[in-house]
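The first residue in the sequence is number 1, and the count goes up from there.
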Amino acid sequence: MLIYEKNIADITLDDIYSLVEDEIDENNFIEYKGELDKNGEKKHIPRTVCGFANSDGGLLILGIYDDKEGFDKIQGVKLKNDWEREKQRLITLLRDNVEPYFDVGIEKLDLENGNVLIIIKTPKSWIAPHRVKRGREKDFYMRRNGRTEPIEFNELKEMFDMNNKLTEIIDDFRCKRILKYSSEDTNHYKVIFHSIPLNSFSNIQINLEDAKVYLINNRVSSYPEWNYNFEGIYQSRLDDFGQMFRNGIFERVRKTDGEDDSVSLVYFEEEFKKFVKQMLKIYEDLNIFCPVVFFVTFANIKGRDVLVDHIDERRGEIFDKERDILDANGIIFKSKDSIDNDISSLFIQFWNHFGYDKKYEKRR
């Protein structure tokens with residue numbers, strides 16, 4: 001595996017020494033910098049990170065000195081603060097100078113001379129283009145011929161067009177899947193969860209054997225048996241279906257037991273929170289770090305009322321008697337700490353559908 005394809009936590013000093021020994025020059029995925037002063041940091045780090053994000057991702061390694069004839073030495077950089085403060089300082093530097101901001105990986109490797117190598121791993125961005133906003137500078141960059149260079153107008157236009165096309169592709173995929181389930185066994189309502197990494201439609205192929213292990217370890221299902229089908233691997237029981245597609249998309253469908261069951265929003269809100277946290281961990285294990293969009297859909301709910309708690313109290317009045325599918329907008333979480341609150345906000349739309357002005361608070 002190439003160094004820039006690794007999880008940043010798995011990169012070792014041996015990987016760095018191999019770069020030097022093999023004389024791997026700067027390219028579209030790797031950039032070296034020696035120790036930078038304050039102005040150099042503000043100039044080079046945001047530009048390089050933007051360049052990687054607007055291209056195919058890459059590594060910025062601070063502490064390797066090179067010249068036109070090749071490598072000089074691995075000297076590292078001196079930390080002015082403890083590592084956690086230094087790491088936060090670099091995050092703040094990027095947050096203040098890159099828009100829209102996105103998360104990067106930042107780690108260090110200790111050298112015998114007391115210095116450190118700082119590695120900044122930038123994923124390919126699926127909310128590109130990004131630009132540097134330093135002083136009067138508000139320019140877009142990308143990696144080209146091993147350098148960070150300004151983006152040409154036609155390249156910028158292609159990025160915006162690609163984002164619009166990706167949204168259409170995701171919508172088309174989900175529409176077909178939802179229609180499939182809503183047209184089957186219409187006497188039961190279904191709840192459909194989707195997790196879609198934004199690079200799913202870029203011809204990636206995940207390791208299905210690894211995916212099986214991670215699905216079991218993270219308890220996405222209590223059953224260890226996963227079977228192969230044309231799309232990837234799946235698991236099917238009477239009331240529960242799970243499908244991991246070869247491109248990393250995961251789909252889970254829950255079907256109610258009884259034909260007259262009310263819609264249990266309290267229960268499925270908690271289930272969706274659990275699902276999101278499980279899938280984020282699985283994608284981390286699969287080394288998928290691009291933004292992931294999560295969706296929840298209720299199908300075949302026409303004419304049903306809602307359970308307002310776990311003890312079978314019903315709303316008793318049906319407000320929207322025509323709509324059969326409830327499909328909220330997808331959600332990308334700002335941080336792991338915001339998951340519960342963001343999902344509760346998402347579910348307000350479903351509560352509103354059944355006549356509640358705001359989310360029903362569970363009884364204490």
Side-chain angles (χ1 to χ4, degrees), residues 167-197 200 220-221 223 229-245 247-276 278-279 292-310 312 314-332 342-356 359-360:
T167 301
E168 293 175 2
I169 292 172
I170 292 174
D171 288 344
D172 182 63
F173 167 81
R174 290 189 61 250
C175 181
K176 290 178 180 177
R177 302 300 294 181
I178 291 168
L179 289 176
K180 163 182 161 55
Y181 293 115
S182 63
S183 62
E184 297 174 349
D185 198 2
T186 57
N187 292 326
H188 297 259
Y189 83 82
K190 294 106 178 175
V191 184
I192 307 164
F193 296 164
H194 280 116
S195 60
I196 303 181
S200 296
V220 173
S221 171
Y223 291 84
N229 60 8
F230 186 77
E231 288 84 6
I233 55 175
Y234 77 98
Q235 189 178 78
S236 181
R237 302 197 307 276
L238 290 176
D239 62 343
D240 197 348
F241 175 79
Q243 172 77 55
M244 173 66 88
F245 292 84
N247 62 0
I249 292 176
F250 191 83
E251 175 180 86
R252 184 178 179 185
V253 183
R254 299 287 300 275
K255 184 178 72 173
T256 55
D257 294 329
E259 294 185 3
D260 62 345
D261 284 347
S262 297
V263 179
S264 181
L265 292 181
V266 172
Y267 173 77
F268 284 112
E269 179 178 326
E270 295 305 312
E271 285 294 293
F272 191 54
K273 290 175 183 177
K274 186 192 306 182
F275 171 77
V276 168
Q278 290 169 329
M279 292 310 302
V292 179
V293 191
F294 289 88
F295 299 88
V296 56
T297 306
F298 288 82
N300 305 132
I301 50 84
K302 184 190 295 183
R304 298 181 185 273
D305 57 6
V306 65
L307 288 173
V308 294
D309 57 21
H310 284 301
D312 275 355
R314 301 188 181 206
R315 181 69 175 86
E317 184 178 355
I318 302 167
F319 282 76
D320 187 342
K321 299 179 181 180
E322 299 300 322
R323 193 181 301 268
D324 204 31
I325 295 175
L326 301 181
D327 188 26
N329 292 328
I331 184 169
I332 300 176
D342 288 346
I343 289 177
S344 293
S345 298
L346 177 72
F347 266 71
I348 287 176
Q349 300 172 67
F350 299 121
W351 287 102
N352 291 164
H353 171 81
F354 290 99
Y356 288 91
K359 179 184 177 302
Y360 181 86

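Rounding to the nearest 0.5 angstrom, the gap separating the NZ atom in Lys273 from the CZ atom in Phe294 is 14.5 Å. We find the CD1-CZ distance between Ile325 and Arg323 to be 10.0 Å, quoted to the nearest 0.5 Å. Once rounded to the nearest 0.5 Å, the distance linking OG of Ser264 with CD of Glu270 reads 10.0 Å. Separating the CD1 atom in Ile178 from the CG atom in Asp171 is a distance of 9.5 Å, to the nearest 0.5 Å. Between atom CG of residue Asp172 and atom OG1 of residue Thr167 there is a gap of 12.5 Å, rounded to the nearest 0.5 Å. Considering CD1 of Ile196 and CD1 of Ile332, their distance stands at 10.5 Å, rounded to 0.5 Å.
A pairwise comparison of heavy atoms in Phe241 and Ser236 identifies CD1-CB, 3.8 Å as the closest pair. Listed here is the closest heavy atom pair of Arg252 and Asp240: NH2-OD2, 3.3 Å. Closest approach of Lys302 and Asp324 over heavy atoms only: N-OD1, 3.0 Å. Closest of all the heavy-atom pairs between Val306 and Ser262 is C-CB, 4.3 Å. A pairwise comparison of heavy atoms in Ile249 and Ser200 identifies CG1-OG, 3.5 Å as the closest pair. Among all heavy-atom pairs drawn from Ala299 and Ser182, the shortest one is CB-CB, 4.0 Å.
Remark: side-chain polar atoms of Ser183 are paired, donor with acceptor, to backbone N or O of Lys180 under 3.5 angstrom. No side-chain donor-acceptor contact under 3.5 Å links Asp327 to the backbone of Thr297. Side-chain atoms of Tyr181 never come within 3.5 Å of backbone atoms of Val191 as a donor-acceptor pair (strictly under, hydrogens ignored).
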Would Phe250 and Val220 satisfy side-chain contact (heavy atoms from CB on, under 4.5 Å), going step by step from the backbone distance to the final call? CA-CA 11 Å; Phe250 191 83; Val220 173; 3.8 Å; yes
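For an aromatic pair to be called close, the ring centres must be under 6.0 Å apart, and Phe193 with Phe272 satisfies this. In this structure, Phe173 has its ring center no closer than 6.0 Å to that of Phe295.
Between Ile192 and Arg174, the closest side-chain pair of non-hydrogen atoms is not below 4.5 Å. Counting heavy atoms from C-beta on, the side chains of Leu265 and Phe298 come closer than 4.5 Å. Residues Val296 and Phe350 are in side-chain contact: their nearest non-hydrogen atoms beyond the backbone lie under 4.5 Å apart. Between Leu346 and Gln349 there is a side-chain heavy-atom pair separated by less than 4.5 Å. Inter-residue side-chain proximity for Phe354 and Leu326 is flagged as met; some heavy-atom pair is nearer than 4.5 Å.
Under the side chain to side chain donor-acceptor pair (under 3.5 Å) criterion, Glu271 pairs with Arg254, Lys274, not counting sequence neighbours. Shown here are the side-chain contact (heavy atoms from CB on, under 4.5 Å) partners of Lys255, two or more places apart in sequence or in another chain: Asp185, His188, Lys190.
A side-chain N or O of Gln243 and one of Asn229 form a donor-acceptor pair less than 3.5 Å apart.
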